[in-house]
Amino acid sequence: MSIGPPERVRVTGPPRRTTSRRTRAHEIDDQTLLGAVMIQSLLRAQLRLAVLTLAPLFAFAVALPLTFHLFPRFSDLRVAGVPVAILLLGVLIYPVLVLLGWSYVRRAERHERDFAELVEIAES
Amino acid sequence: MITSVPSVVAVALVAVATLAIGTWGLRFSRTTSDFFVASRSVRPALNASAIGGEYLSAASFLGVAGLVLVFGADMLWYPVGWTAGYLVLLVLVAAPLRRSGAYTLPDFAEARLASARVRTTCTLLVVAIGWLYLVPQFQGAGITLESTTGAPPWLGAMVVAGVVLVNVLSGGMRSITFVQAFQYWLKLTALLVPAVVMVGVWLGDGRPGPGAGSGGDWSLPLGEGGGQGLYLTWSLIIATFLGTMGLPHVVVRFYTNPDGRAARRTTVVVLALLSAFYLLPPVYAALGRVYGDTTHSDVLVLELPRLMVPGAAGELLSALVTAGAFAAFLSTSSGLSLAVTGVLTQDVFRGTRLTGVRAFRVAAVVAVVTPCVAAVSAPDLGIAKAVGLAFAVAASTFCPLLVLGIWWRGLTDVGALAGLGAGFVSSGIGVTYSLSPYSTTGWVDALLSQPAAWSVPLAFVTMYVVSRATASRVPPHVRRFMVRLHTPEAVALDRG
């Protein structure tokens with residue numbers, strides 16, 4: 001056993017900044033458990049948003065004919081001289097549709113931004 | 001026989017302007033990708049105008065006002081459904097469809113299910129729905145020209161088919177995008193200006209009410225006949241809400257967006273454009289109840305200005321409306337012909353000696369001439385009703401395929417085929433019944449003439465159940481494909 005000088009060891013501090021921004025995108029590409037969970041949560045959030053957006057529309061489409069079927073006298077109801085059904089279906093529904101679409105896009109894009117941030121977080 | 005010189009001039013101007021813009025657009029068409037999808041680089045504002053221009057067909061321009069005039073408030077569900085269909089499309093389909101990176105519906109089906117057989121089925125469906133929708137456009141052109149110039153009905157159909165063919169042949173998607181965008185604004189102006197003038201006339205006349213004998217039924221937002229009326233209304237709602245996403249000319253437009261985010265934004269602008277347009281037809285219907293007669297409902301929009309405004313001014317307004325109607329036929333038929341041409345080129349002429357742009361041109365001739373011949377020989381159903389049938393078929397076939405394909409991993413090729421078959425046969429029975437001279441009454445008539453309320457659920461259930469039964473056939477790449485559909489483009493994935 002010979003006692004020589006100890007091997008030289010380089011001592012460094014923890015890295016201050018990462019030079020290459022490795023993202024978690026490869027987790028999705030590699031179809032790891034983490035990737036699957038991230039995608040699942042995005043999909044579920046978007047689907048829930050879709051259902052929430054369409055529910056009022058379909059509820060209206062089911063309820064309006066049914067209401068008038070059960071209470072035909074409603075058709076005599078007038079607002080400012082215009083029959084209420086004409087007012088609802090001819091005018092008022094359109095701004096509601098545009099508004100639903102606009103708010104859907106805002107929220108769907110927010111989900112996607114959140115997802116992108118989650119993926120972009122640099123590892124380590 | 002009425003011969004209106006301004007109307008003939010107006011029709012000629014629209015045709016010439018359409019061809020001129022189409023030729024101008026040709027300067028930008030260089031590659032096959034330009035022909036099919038305008039190289040996927042159309043900005044949301046332009047694309048939305050183009051979608052609006054393409055979507056507002058003869059049924060919207062002429063049909064709705066006439067139907068509301070005759071049948072009343074329940075017919076307002078047509079324009080509401082055609083607009084709401086875009087909301088459903090936006091929420092369930094728009095961005096993922098664009099991210100799938102496919103050119104056409106058959107492309108999407110093949111990419112998702114890895115099955116050539118599903119692809120072929122989708123091709124046949126695109127052609128069937130496209131032609132079913134084209135026939136009433138050509139017929140509408142026939143009655144428009146007949147009403148304004150006294151020309152025989154086949155002439156209008158031939159004129160529209162001819163202009164569409166030249167346009168598709170010369171420029172493909174890129175030039176058609178400009179044409180469609182122009183035609184949206186033309187259609188809006190053509191309906192808005194006469195409406196404003198006529199409302200002015202109505203106010204000047206002391207705001208007269210509708211003639212005697214119009215009961216409260218008119219303002220009832222559902223069909224007549226108790227339970228059957230309710231069924232018909234709901235069925236119409238289902239067909240229009242869910243059918244929009246399955247129309248070939250609508251879907252192909254989404255591939256021209258640069259990315260999924262642009263696809264969504266485009267759709268919202270489309271919603272706004274359609275909403276603005278659909279405020280107008282009910283105005284015509286209401287004025288028609290006061291001034292018009294209910295015998296020629298499909299030409300109400302064309303004849304009302306002449307009935308209400310005497311002299312040259314009335315002739316000019318009438319010419320403007322005729323121009324708008326022609327724009328409606330031209331734009332919708334161009335879009336549909338282009339979509340049908342696209343799938344014919346890719347799927348029918350593939351493997352033949354015809355390739356590239358030449359195959360595209362042969363396909364265009366087939367795509368336009370066939371429905372034109374059918375339009376001249378088939379019975380006239382009324383524009384909106386015939387278009388409604390195309391929506392019912394689209395809702396019963398492509399809607400389940402797209403919704404389940406995008407949101408449910410378990411869809412299999414066998415399941416898709418079974419569902420498409422069930423939806424097509426059941427809605428097809430309705431189409432055949434409506435086209436045949438045979439008719440019946442009661443519930444059978446209601447169920448057959450408006451099949452969507454049962455054929456759409458049937459297609460969904462069949463697709464789901466058969467897919468579950470053949471779960472081993474779920475394609476192995478499905479996980480990766482779903483990731484691609486739903487991941488924003490900002491995330492740098494391997495999109496292979």
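A note on names: the letters A, B, ... follow the listed sequences, proteins ahead of strands, and every chain is numbered from 1.
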Most contacts with chain B, counted as non-hydrogen pairs under 4.5 angstrom, among A/Leu88, A/Val105, A/Val62: A/Val62
Residue, of A/Leu57, A/Val91, A/Ile93, A/Leu49, that accumulates the most heavy atom pairs under 4.5 Å with chain B: A/Leu57
Sole residue of B/Trp82, B/Tyr55, B/Tyr86 in side chain to side chain donor-acceptor pair (under 3.5 Å) with B/Thr244: B/Tyr55
Top residue by heavy-atom pair count (under 4.5 Å) with chain A, among [options]?
{"options": "B/Arg264, B/Arg265, B/His486", "result": "B/Arg264"}
{"options": "B/Thr267, B/Leu87, B/Val269", "result": "B/Leu87"}
{"options": "B/Val80, B/Leu271, B/Val283", "result": "B/Val80"}

Part of [X] within contact of chain B (heavy atom distance under 4.5 Å):
{"X": "A/Leu47", "result": "both"}
{"X": "A/Leu54", "result": "side chain"}
{"X": "A/Leu100", "result": "both"}

Ignoring hydrogens and geometry, is there a side-chain-to-backbone donor-acceptor pair from [X] to [Y] under 3.5 Å?
{"X": "A/Tyr104", "Y": "B/Val91", "answer": "yes"}
{"X": "B/Arg98", "Y": "B/Ala263", "answer": "no"}
{"X": "B/Thr487", "Y": "B/Val483", "answer": "yes"}
{"X": "B/Trp234", "Y": "B/Ala453", "answer": "no"}
{"X": "B/Lys187", "Y": "B/Leu56", "answer": "yes"}

Can you see which heavy atom on B/Val474 is nearest to which on B/Arg409, and at what distance? CG1-O, 3.7 Å
What part of [X] lies closer than 4.5 angstrom to a heavy atom of chain A: side chain, backbone, both or neither?
{"X": "B/Pro79", "result": "both"}
{"X": "B/Leu236", "result": "neither"}
{"X": "B/Ile237", "result": "side chain"}
{"X": "B/Leu92", "result": "side chain"}

Could you walk me through whether A/Leu97 and B/Tyr278 satisfy the side-chain contact (heavy atoms from CB on, under 4.5 Å) test, starting with their C-alpha distance in whole Å, then the side-chain angles of each, then the deciding distance to 0.1 Å, before giving a yes or no? CA-CA 12 Å; A/Leu97 286 175; B/Tyr278 282 131; over 6 Å; no
